[in-house]
Protein chains: 2
Amino acid sequence: MPPHKPKSKRVTLLDVARKAGFSPSTVSIVLSEAPLSRYVAAQTKERIRKTAAALGYRPDVFARSLRSRRSNTVGVLVFDISDPFCVFILQGIEKTLHGTPYLPILMDAHNDQKRFAGYLDLLMERRVEGLIVVANWLFDEGELLSTVKAEKIPSVVVGRDTSEKELGSVIVDNEAGGYEVMKHLYELGHRRIAVIRGPDSLRDSQRRWAGMQRFAQESGLELDPRKVRTLPEVLDPTSGFQGGLQATEDLLRTRLKFTALAAFDDLTALGAMRALSAAGRSVPQDCSMVGFDDVPMAGFCTPGLTTIRQPMEEMGGTATKRMLDALAASETEVSPDLQLLPPTLVLRDSTAPVRGKDA
Amino acid sequence: MPPHKPKSKRVTLLDVARKAGFSPSTVSIVLSEAPLSRYVAAQTKERIRKTAAALGYRPDVFARSLRSRRSNTVGVLVFDISDPFCVFILQGIEKTLHGTPYLPILMDAHNDQKRFAGYLDLLMERRVEGLIVVANWLFDEGELLSTVKAEKIPSVVVGRDTSEKELGSVIVDNEAGGYEVMKHLYELGHRRIAVIRGPDSLRDSQRRWAGMQRFAQESGLELDPRKVRTLPEVLDPTSGFQGGLQATEDLLRTRLKFTALAAFDDLTALGAMRALSAAGRSVPQDCSMVGFDDVPMAGFCTPGLTTIRQPMEEMGGTATKRMLDALAASETEVSPDLQLLPPTLVLRDSTAPVRGKDA
DNA sequence: TCGTTGAGTGAGAAGGCTATCACAAAGACC
DNA sequence: GGTCTTTGTGATAGCCTTCTCACTCAACGA
């Protein structure tokens, strides 16, 4: 090391100002591209930027935030990051935020109300300017979303219908998805279709079922209530699989015939497939299977699971855009509308035309 | 609203000081529990804390960070968050950080070197005090980790052996894992075992293979080189599945007999299972299958996949602890040791005793 | 009596940035 | 020639904390 002072202090804006021969004000205006920089001569800007680069100047985010009262961060509060469903939503958020001045601060509530509340608090303490909540169905949010609403910052929820709480939200069109499931199975010739619904209390579950019923009505298909099961209201992460497994075992025990099974979601479908396999029935030869969500697993299991794809990345992106818009308009909240995104049917190998005497 | 001034300014430390009748210095000392607070009279502390609570005082993180030169944040830089492998590591990190004054700032590089570099820069700009890199095998990190090393903050890598780069890292004991795979299959009576190795350039792959060979040598098992395949060096997220699928098709084409297959990781195993199924061979009746990692999918596919579990949450936790220790000792780096955590064999339904004439 | 020590508190100065206002010069307009 | 607007730059005042030093008072030993 040369006999420099070993202090190695950071370069400050003042250093740049001195070196470039302008005042700190001008330098600040130029480097932060404030509105006033319109008036700054082009060559001044040039010179300032060059010396800044030469000195390796990096603004101090804390000083900046302290003075400007803006954190340039948004909070992302996830119910449970281990839900594969969440990950793509996060990617959508991240991609949309990339390029904006906002940095996401991600917190995972681990399906725990207390933790959720604590992290919400923490994010507010860090002065996030906006908030995105990524919900999944396993989580009983209780009054938590009301506390979100109470914070006076633009907030939006992805993955759960929260219109009744006056919070903006973005979800898939579950009703359309349910309709598609039935339509697909019907078109393959299936008429004896079993259904495993989601927990009753869940809006998603109600809408999907409504879509299925609508198709049934329109097409004259009859959905035998004895072949409809409902997942219990448990809230542990693997409950979908377990629930699907047990519901299917239950269905098999009734000895009622069904040539296709529509599951609440992919995990439920995987549980159902396990049960069918244990009973010696193969998919899709003996029973077609449709899931919902299109989590990565759906593509990697054998047979590949035909399912209804939620446009997760797009959902995350859309929610983020709505929040950014509110932020840009310096509004204090996102409009409390429910936004529905269309699902798509993804064909894989778990569904096939009905055969045998049912054909 | 009562006719208050509508300014609704934040409560500052000064407000608390005035209300409590002490100087800002004293209030600061008490509320931030600085070393000097030892000397402050108990009842003074009490009084200050009470008025702070009464006023609803919350310290301004930016002012605090500006003055104290500490951000109370650590960066978490993930190669690809959609890798299911990462998620539990993240949970381990999060759990370990919870309760400390450090907030994680998570960034996802999307398997993109440029993005990685950009985010690293961003994190440094945000003045994170420590850094945890969560690696996966799909990512060619190039010189990136050297740039991490160049930042003078405690950094640690999870999921990749980086001891040669003089960076601390925490990984699973791949050699032991490979050994376990062979041992398990051997004990089930398998003697004709096919192997799908990971990409050659990958350390993990070399170690696992070394473990397998060691067991083979110790037990006298012969590993036929014609039944060993190597995944190509491709770097796209689903390459494991595709690679497993193709390697297995290739193996089947040779018509060489094998009663068990050891896959590089779970995704590879799932691809292999797809290929076996397409060829009319069922798992585990016709061929046992072992994966590596124990990603959630391994438990939900049918048959459930027997695999070697990486203690992912523990890996994240251990790495975080090492970083926290360095931080606590105000060191500028984590000791560049490679730390190996033991894997465990998870028994599911994809392996079974060998049968038929091979028994 | 004079330092000396320790407990307890306060004054004042940063820390690096930006917002606001003020100022200066130059052209435009009446 | 005076006023107004536009363009371009600088001075100053904080933003809210924490840190350093200094001060007071009491007790204590020499």
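All values below were derived from every heavy atom in this structure, side-chain atoms included, with hydrogens, water molecules and symmetry-related copies excluded. Everything quoted here is computed from the prediction, not taken from an experiment. Order of the sequence lines sets the chain letters (A, B, ...), proteins ahead of strands, with each chain counted from 1.
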*5'-most by nearest nucleotide on DNA chain C - Arg64(B) or Ser68(A)*: Arg64(B)

_Counting only side-chain nitrogens and oxygens, does Ser25(B) get under 4.0 Å of the OP1 or OP2 atom of dT18(D)?_
no

*Atom-to-atom span, CG of Asp60(B) to C1' of dC15(D) - whole angstrom*: 8 Å

*For the pair made of CG in Leu14(B) and P in dC15(D), what is the distance, rounded to whole Å?*
10 Å

*Ser23(A) or Val27(B): which one's nearest nucleotide on DNA chain D is closer to the 5' end?*
Ser23(A)

*How about Val170(A) and Leu341(A): do any of their side-chain heavy atoms sit closer than 4.5 Å?*
yes

*Ser32(A) side chain: which of dT18(C), dG10(C), dT17(D) is closest?*
dT18(C)

*asked:* OP1 or OP2 of dG10(C) versus the side-chain N and O atoms of Tyr39(B): is any pair under 4.0 Å?
replied: no

*Where the side chain of Arg67(A) is concerned, which of dT9(D), dC17(C), dT9(C) is the nearest nucleotide?*
dC17(C)

*For dT18(D), take OP1 and OP2 only and decide whether either is under 4.0 Å from a side-chain N or O of Ser28(B).*
yes

*Base, sugar-phosphate, or nothing for Phe22(A), non-hydrogen atoms under 4.0 angstrom?*
sugar-phosphate

*Would you kindly give the CZ-to-P distance between Arg127(B) and dG15(C), to the nearest whole Å?*
13 Å

*Using a strict cut-off of less than 4.0 Å between a Lys/Arg side-chain nitrogen and an Asp/Glu carboxylate oxygen, indicate whether Arg115(A) and Asp108(A) qualify as a salt bridge.*
no

*Rounded to whole angstroms, how far apart are CZ on Arg69(B) and P on dT18(D)?*
14 Å

*Ignoring backbone atoms, establish whether Thr44(A) has a side-chain N or O less than 4.0 Å from OP1 or OP2 of dT9(D).*
yes

_Here's a test of your reading of the structure: between Leu36(B) and Ala41(A), which maps to the more 5' nucleotide of DNA chain D?_
Ala41(A)

_Under a 4.0 Å threshold between the charged nitrogen and the carboxylate oxygen, would Asp60(B) count as salt-bridged to Arg126(A)?_
no

_If I take atom CG in residue Leu13(B) and atom P in nucleotide dG12(C), what distance separates them, rounded to the nearest angstrom?_
17 Å

_Check ion pair Glu333(A)-Lys149(A) (N to O, under 4.0 angstrom)_ = yes

*Atom pair distance, as rounded to whole Å: CG in Leu66(A) and C1' in dA14(C)*: 13 Å

*Ring centres of Tyr119(B) and His110(B) under 6.0 Å apart?*
no

*In whole angstrom, give the distance that lies between atom CD1 of Ile29(B) and atom C1' of dG8(C).*
10 Å

*Figure out the NZ/C1' separation between Lys45(B) and dT9(C), and round it to whole Å.*
14 Å

*Can you tell which of dT17(D), dT9(D), dC17(C) lies closest to the side chain of Thr12(B)?*
dT17(D)

